[in-house]
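Because the structure is a prediction, the values reported are computed rather than measured. Start at 1 with the first residue, then count along the sequence. Start at 1 and go down the list; that is how both ligands and their atoms are numbered.
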Amino acid sequence: MAVLFPPRLSLAQTPTPLTPLDRLSEQVGGPRIWVKRDDMTGSAVSGNKIRKLEFSLARALQEGCDTIITCGGVQSNHCRTTALLCAQLGLHCHLILRGEEDSALDGNLLLDRLVDATISFYSNADYQARSTEIYRHWTDHYAAQGKKAFAIPVGASDGHGLWGYIAACKELKADFKQHNIRPGHIVTATGSGGTQGGLMVGAQLFDLDATVWGINVCDDEQYFLDKVQVDIDQWQQWYTENIGSHFLPEQLSINVIDGYVGPGYARATTEIFDTIKLAAKLEGIILDPVYTGKAFYGMLEQLKQGRFTDTEDIVFIHTGGIFGLFPQREQLQL
Ligand SMILES: *Cc1c(COP(=O)(O)O)cnc(C)c1O
């Protein structure tokens, strides 16, 4: 395998464990459910974003940047991870957060504040209408101060960030060998598409012989079919020399399971909170109401409906998100 990885910072605690959930699998029936514990890529920096940021931030440093600008929701795991890593690397971090200025100081936002990231709040509508302009405004603002800003898009899902989960597939390859399993399916929550896209490309490059499924937590199937394709095209264009002739894009099909968004992004129904409680008490696994709770619930529902029964083992990527649970504590009704 002669894929040449681009420069990468060593930030995540990897390899993360791949562990079976035997009590839960028995209760659900069907294939054995394994969890790739990417909620253990760090403590405060835990989750999937750090894998992508190892490559995005390496690129920023390579380009001589001293400031990082990125965006997300008020309780964005991506923004929290970026802010913490910037503090760790001595970079200035500017977060463009979609939401209310007076949001409760809790969860991810509390950590963003603690590491002293600069934060600008924009309403959803304002951000949607002017995101390019907002990024340009702040980039120019830093340039005028003699600084050089590097812009990372939402979720670090772009041609650079894709490498994070391509590299994770190399890790999964070793995990499968170690446990002597050949899972037929890999399931992940999908929110900005980069984890799903990286897994898809990586699964092909490292011959995982598994189908990658994204369960969307916002937008709809068509949105992710388009978004994942755009990210992969960009990756291919930016890294032609790294990829060589190994990658055959025509062999890729993007698989999205729609139907588990519920009331909307970051808003969950009772079923999701019940799933969070079930995974917690049965397996000691902490899911969140924004991403992993919805995707895990969706996977279990699909299992019950017989979608994944053609395999003995199935892998759920635990993409993290624990800090998003705290601001929604009341809905757990504990
Ligand atoms: C961002 C995020 C996701 C979604 O990953 P994308 O690459 O943005 O699609 C899933 N789970 C958690 C906990 C996240 O923070």
With no hydrogens and no angle check, do the side chains of Asn216 and Asp258 hold a donor and an acceptor under 3.5 Å apart?
-> yes
Are Arg98 and Tyr127 in a cation-pi contact, defined as NZ or CZ under 6.0 Å from the six-membered ring centre and within 45° of the axis?
-> yes
Check step by step if ring-ring contact (aromatic ring centres under 6.0 Å, His included) holds for Trp34 and Phe316.
-> CA-CA 6 Å; Trp34 295 76; Phe316 181 79; over 10 Å; no
May I ask you to check if Lys49 and Tyr291 form a cation-pi contact, with NZ or CZ under 6.0 angstrom from the six-membered ring centre and within 45° of the axis?
-> yes
Sorted by chain and residue number, the residues with a non-hydrogen atom under 4.0 Å of ligand 1 are Asn48, Lys49, Lys52, Asn77, Ser157, Ala189, Thr190, Gly191, Ser192, Gly193, Gly194, Thr195, Tyr291, Thr319, Gly320, Gly321
His185-Trp213 side chain donor-acceptor pair, cut-off 3.5 Å | yes
Can you see which heavy atom on Ile69 is nearest to which on Ala149, and at what distance?
-> CD1-CB, 3.7 Å
